[in-house]
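In what follows, chains carry the letters A, B, and so on, assigned in the order in which the sequence lines appear, proteins first and then strands, with residues in each chain numbered from 1.
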Amino acid sequence: MTRVITIFRREFAAYFATPLAAVFVVIFLFLSGLFTFNIGGLYERSQADLRPFFQYLPWLFLFLVPAISMRLWAEERRSGTIELLLTLPFTITDLVLGKFLAAWCFAGVALALTTPLWISVAWLGDPDAGVAVAGYAAAMLLCGAFLAVGSCISACTKNQVIAFVLCVGACFLLMLTGFPFLLEFFESWAPPSVLEALSAMSALSHFEAVLRGVVDGRDALYFVSVIAVFLMINVVIIDWRRGG
Amino acid sequence: MTNLVDAVGLHRRFGAIHAVRGLDLHVPPGQVLGFLGPNGAGKSTTMRMLTGYLAPTEGSISLAGIDLARNPLDARRTFGYLPEGAPCYPDMRVDDFLAFIARARGMDARAGSGRITSVVERVHLGDVLHQRIETLSKGFKRRVGLAQALLHDPPILILDEPTDGLDPNQKHEVRELIRQLGTERAIVLSTHILEEVEAVCTRAIIIRQGKILFDGTPSDLEARAPAGVTKNKMDHVFRSITREQQPRGEPIG
């Protein structure tokens, strides 16, 4: 555990050592405000809740979360520091977990900075606190799933732009599998059980399920499993690239 | 005397390329082994295998008696490694970077700062301690890499081209340091500068296409120069050893 914390501390500080943190937070807050007020119409709805904010969050995450995860491994590979890291007394699991948790916490900080929105709504009306808490929990889970996918993809390349683009693509598929236009593609040839499995895999439907405030253990389990599976694949990729 | 580095039957393939072909390496304490060879001979690949960064396709490695494949974490505690090009995190300050390495090496804050102070003094980093690594000259970056490798005072040092890119004064300093460190440690360093072998190494190995072509002391190497050659004897021998089989394409053995 100490080893994971050591990696976590370095990685978390690395976000703030460059303008990345500031740029990310500013753009995230600006866009989330834009979606909430202008497109989501928070005022026009005359309802004191954060629905317009959470509703567009997955789409915002789709482009912003890969920007956090793209550097995780690609940068280590490009600069050669991966050679240093893999010869220090860390296990690959320590490294993968430390990096993932640092990225997740950084995203958590950005998300926490949107709470003034919640405070304003609470001041204007009487929103359901439970729904807001569920919304933030769902947002963190979705973000964690995207980060795990992104970390995994970042481990495959030394080019951060490739890592970013592939991650956006992969997260898009993860978000929308089970949606009609993607299912149609499989409908003609895949057996019904596969179709059913695919439609249960959509991150967006699980996200919306949690958002409704009906916290179902299965939705949380879904996100936790996605995170666990992709982090395990991440470990395998790093180990596999050592060859043998 | 027990060896600190024992590598037996090392092979490494990258797809169709057979980069290292059956290398045996035994290094006792007090030996500074110079690893020589033309570019692409398999020097870096061998060092990467010794440090566990690359897994050997075949063969076994044990460091200070610990099997690298079976017990990687303990084995990694026995050596300090300066990878090729001395990579460090450019956005970190020198002191923060060394503090990170100290934590990674399992030192608590007090032990870590004590070791950092002594290593910084040893490699003369005091003036740039609070600077970001990306702002440093090549010479200073290399010294940060050395400091990182020395931090936990390991019995084994593996240094990939430790003086590459340094000016003559810095080269002299680093060689002096390696000579001092080599009295009780096992040091494996790679280089393609022959004067370096003369200056610091107690043993030289020449490899080409992943095979050992020469293994002996630097003076043995020099003694191989044909009569009549008086200047740059080592250069002459190096060229004749590493070039003699080339026209045939396939390496010996």
Side-chain angles (χ1 to χ4, degrees), chain A residues 1-24 68 70-99 102 106 155 158 160 235-244, chain B residues 11-15 19 44-45 47-59 68-69 71-93 96-97 99-108 132-134 144-145 148-149 151-152 154 158 160:
Chain A
M1 197 59 207
T2 349
R3 297 195 301 254
V4 176
I5 294 170
T6 303
I7 290 295
F8 172 84
R9 282 175 63 178
R10 198 213 82 75
E11 288 293 324
F12 192 69
Y15 284 107
F16 296 93
T18 58
L20 179 76
V23 169
F24 180 86
I68 305 181
M70 66 181 190
R71 55 166 284 284
L72 282 175
W73 292 97
E75 185 156 279
E76 302 268 4
R77 240 177 238 297
R78 191 191 48 81
S79 68
T81 43
I82 191 160
E83 201 166 337
L84 195 70
L85 214 50
L86 289 179
T87 54
L88 284 169
F90 292 116
T91 65
I92 296 176
T93 313
D94 297 334
L95 299 173
V96 168
L97 272 182
K99 278 172 172 286
F106 173 68
K158 62 168 102 175
Q160 294 197 37
V235 170
V236 171
I237 291 172
I238 301 286
D239 196 37
W240 173 72
R241 293 194 68 147
R242 289 175 58 239
Chain B
H11 282 268
R12 173 71 202 203
R13 291 187 185 83
F14 297 97
S44 287
T45 305
M47 299 195 124
R48 284 174 173 167
M49 285 195 284
L50 290 178
T51 55
Y53 174 63
L54 286 178
T57 315
E58 265 174 61
L68 183 61
N71 199 346
L73 288 200
D74 284 332
R76 282 185 224 163
R77 293 192 177 99
T78 63
F79 66 81
Y81 177 38
L82 176 73
E84 193 178 7
C88 300
Y89 293 104
D91 50 25
M92 283 181 108
R93 281 181 1 184
D96 290 338
F97 175 67
F100 162 67
I101 299 291
R103 274 196 300 275
R105 293 287 182 191
M107 297 177 212
D108 60 33
R132 279 159 73 110
I133 293 173
E134 64 190 347
V144 174
Q148 161 278 121
L151 204 59
H152 56 304
I158 296 171
D160 202 344

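The two residues B/R76 and A/F90 make their nearest non-hydrogen contact at NH1-O, 2.8 Å. Of all heavy-atom pairs between B/R132 and A/A17, the closest is NH1-O, 3.2 Å. Of all heavy-atom pairs between A/S79 and B/P87, the closest is O-CB, 3.3 Å.
Taken from CG in B/L73 to CG in A/D94, the straight-line distance is 7.5 Å, to the nearest 0.5 Å. Summarising the geometry, atom OH belonging to B/Y53 is positioned 6.0 Å from atom CG belonging to A/L86; distances are rounded to the nearest 0.5 Å. The distance from atom CD of A/E83 to atom CG of B/L54, rounded to the nearest 0.5 Å, is 7.5 Å. A distance of 10.5 Å separates CZ of B/R103 from CZ of A/R10, quoted to the nearest 0.5 Å. Between atom OG1 of residue A/T87 and atom CG of residue B/L68 there is a gap of 10.5 Å, rounded to the nearest 0.5 Å.
Contact tally against chain B (heavy-atom pairs below 4.5 Å) for A/I7, A/I82, A/D239: the top residue is A/I82. When each of B/F79, B/Y81, B/Y89, B/F100 is checked for heavy-atom pairs under 4.5 Å with chain A, B/Y89 comes out on top.
The part of B/I101 that comes within reach of chain A is its side chain, from C-beta onward, which places non-hydrogen atoms under 4.5 angstrom from that chain. Interface remark: B/M49 contributes no atoms to any contact with chain A (heavy atom separation under 4.5 Å).
Side-chain contact check for B/R105 versus A/L88: some heavy-atom pair is nearer than 4.5 Å. Looking only at side-chain heavy atoms (C-beta outward), B/P83 and A/L84 come within less than 4.5 Å of each other.
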